[in-house]
Protein chains: 2
Amino acid sequence: MALTHAILVTLGDESYSGYDLWKKFSQTSRYYWQASQQQIYRELGKLEKEGAIASEVVPQEGRPDKKLYRITDQGVEKLKTWLLEPAEPMAVREELLVKLIAANLVPKSVILQQIQSRLQIHSKQLLVYKTKEQEKFSDLAQLSYKQKCHYLTLRCGIRYESSWIAWCEEAIAMLS
Amino acid sequence: MALTHAILVTLGDESYSGYDLWKKFSQTSRYYWQASQQQIYRELGKLEKEGAIASEVVPQEGRPDKKLYRITDQGVEKLKTWLLEPAEPMAVREELLVKLIAANLVPKSVILQQIQSRLQIHSKQLLVYKTKEQEKFSDLAQLSYKQKCHYLTLRCGIRYESSWIAWCEEAIAMLS
DNA sequence: AGCTACATGTAACGAGTTACATGATTAT
DNA sequence: ATAATCATGTAACTCGTTACATGTAGCT
């Protein structure tokens, strides 16, 4: 599985502490991988044991010390091997859709409110992504290969949120 | 979590054996919930223990006996309670996007091929959903509330696959 | 003779969630 | 005062995957 690899990929660009990784995974990397703080710390422990990453304690003033992790050569090899394996589509497990199938058990307003709530969540997230698109990827012709790849992950997030928004609107129109 | 509820919802409409549920979850219910055979059997065991479902052994000729499960009144109550709880959006964990972030470590052809492969997967799945849409939901004006809800889950699947196809095409165009 | 479909399960392991535990600094 | 941010972890539990185990019927 791939939290391991998501961490390795992130450490491939620069060093992070567990806490920094967690923030990155909750904010920036939201559109491709989600992970909790505890999961990240556990995975970092495993990766260090097997030698794919190495850590260095960085003392800080007025703050707790932090353990900065960096990827090792062995870690890079591991990544390369993994990159060649085919990537499976994510398993779909969408609670809201399961609820729709049983919607006749509760008042219509319950379901409509759930859909409305989702519409808000996705609208908010889309705005975050679109802002980032404008700020960081305004000039597409100037992008390097690496930046293009990064941009495409953001585009996937934008399409995902847009698709949900369109569905929510269709659903509200159909059920109202 | 919600495999429990996905099973209860499915048994709400008619009785199924574990094997039937597995087929349903691999084919029909693919666009809202995925589950393996083993997971379903385990969950059925738990649900029966707690009294949310009940089973009856049905002898068959030329085939192994099967255990038909049905939902109990207690199970229906459990479902209703759950329907009122807010539904969280699914956690995004998309391997292909993680690979894109590290794409510079391998030849471009590797990534392009992975995207092409995804394009095929989603195109195929979209065709399945669209066929079902035409076969079962051709006359929207005639649909009952329950059927509309069911139709909307299919619409979500169609939008999901279409969104992926559009992204794959964008990605191929940008990286080629 | 070998493959697919039907049918149900156990066991081990890996991944993800929730709760608990600690402690300093900074902002309201 | 108290909440939020920074910082790292352990423990218990649930959920999801993979491997193992068994046996019949029908098709090629």
Side-chain angles (χ1 to χ4, degrees), chain A residues 1-8 15-27 29-30 32-50 53 55-69 82 85 87-95 98, chain B residues 1-8 15-27 29-30 32-50 53 55-69 82 85 87-95 98:
Chain A
M1 272 304 294
L3 171 56
T4 312
H5 301 106
I7 289 175
L8 282 179
S15 295
Y16 286 92
S17 69
Y19 191 77
D20 292 337
L21 276 171
W22 168 63
K23 277 193 300 176
K24 178 121 178 132
F25 277 92
S26 339
Q27 291 153 29
S29 310
R30 251 188 83 83
Y32 58 84
W33 206 270
Q34 265 162 261
S36 68
Q37 217 180 349
Q38 289 70 19
Q39 232 188 317
I40 291 166
Y41 281 119
R42 181 171 56 185
E43 219 57 44
L44 283 171
K46 276 191 204 168
L47 280 168
E48 190 169 23
K49 242 183 211 162
E50 74 179 66
I53 59 174
S55 68
E56 179 199 0
V57 176
V58 179
Q60 297 187 117
E61 280 169 33
R63 285 180 186 182
D65 294 355
K66 65 164 142 184
K67 254 169 125 173
L68 256 192
Y69 290 94
W82 172 73
E85 293 165 14
E88 297 295 319
M90 162 175 70
V92 174
R93 292 194 180 95
E94 197 56 68
E95 246 183 305
V98 181
Chain B
M1 273 302 292
L3 170 57
T4 311
H5 300 107
I7 290 175
L8 282 179
S15 294
Y16 287 91
S17 70
Y19 191 78
D20 292 337
L21 276 171
W22 169 63
K23 278 192 301 176
K24 178 120 180 137
F25 276 92
S26 341
Q27 292 153 28
S29 310
R30 250 187 84 84
Y32 57 85
W33 207 270
Q34 263 162 263
S36 67
Q37 219 181 348
Q38 289 68 20
Q39 232 188 318
I40 290 165
Y41 280 117
R42 182 171 55 181
E43 219 56 44
L44 284 171
K46 276 191 204 168
L47 280 168
E48 190 169 24
K49 242 184 209 163
E50 73 181 64
I53 59 174
S55 70
E56 180 198 0
V57 177
V58 178
Q60 296 186 115
E61 280 170 35
R63 286 181 185 180
D65 295 353
K66 67 163 139 183
K67 254 169 125 174
L68 257 191
Y69 290 94
W82 172 73
E85 292 165 14
E88 297 296 319
M90 164 175 67
V92 174
R93 292 198 180 91
E94 197 55 71
E95 246 183 304
V98 181

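So that the names make sense, note that chain A is the first sequence line, chain B the second, and so on, each numbered from 1.
Rounded to an integer number of Å, the gap from CG of Leu44(B) to P of dT8(C) is 9 Å. Going from atom CD of Gln38(A) over to atom P of dT8(D) covers 13 Å, rounded to whole Å. One can place NZ of Lys66(A) at 25 Å from P of dT22(C), the figure rounded to the nearest angstrom. What separates NZ of Lys49(A) from P of dG14(C) is a distance of 13 Å, to the nearest Å. We find that OH of Tyr19(A) is positioned 17 Å from P of dA24(C), with the value rounded to whole Å. Whole-Å rounding puts the Lys46(A) NZ to dG16(C) C1' distance at 11 Å. For Gln39(B) and dT8(C), the CD to C1' distance is 16 Å, given to the nearest whole Å. Remark: C1' of dT17(D) and CD of Glu88(A) are 13 Å apart, rounded to the nearest angstrom.
Screening Gln37(A), Gln39(A), Glu43(A) against Tyr41(A) for a side chain to side chain contact (heavy atoms under 4.5 Å, CB included) leaves a single residue, Gln37(A).
Judged by atom type and distance alone, Arg42(A) reaches the base of dG16(C) through a side-chain donor-acceptor pair under 3.5 Å. Residue side chain Arg93(A) does not reach the base of dG16(D) through any donor-acceptor N/O pair under 3.5 Å, judged by distance alone.
Using a 4.5 Å cut-off on side-chain heavy atoms (C-beta onward), Tyr19(B) and Trp22(B) make contact. Two residues are said to be in side-chain contact when any heavy atoms from C-beta on lie closer than 4.5 Å; Asp20(B) and Lys66(B) meet this criterion. Residues Trp82(B) and Glu95(A) have side chains in contact (heavy-atom distance under 4.5 Å, counting atoms from C-beta outward).
Minimum atom distance to the side chain of Lys67(A) is reached by dT8(D), of the listed dT8(D), dG9(C), dT18(C). Comparing dA7(D), dG9(D), dT8(C) by their closest approach to the side chain of Tyr41(B) singles out dT8(C). When the nucleotides dT10(C), dA19(C), dC15(D) are ranked by their closest atom to the side chain of Glu43(B), dC15(D) comes out on top.
For the pair Ser17(B) and Leu3(A), nearest-nucleotide mapping onto DNA chain C gives the more 5' position to Ser17(B).
Proximity of a side-chain donor or acceptor of Gln34(A) to a complementary backbone N or O of Val92(B) within less than 3.5 Å is detected.
Using a 4.0 Å cut-off, no side-chain N or O of Ser36(B) falls inside it from OP1 or OP2 of dT18(D).
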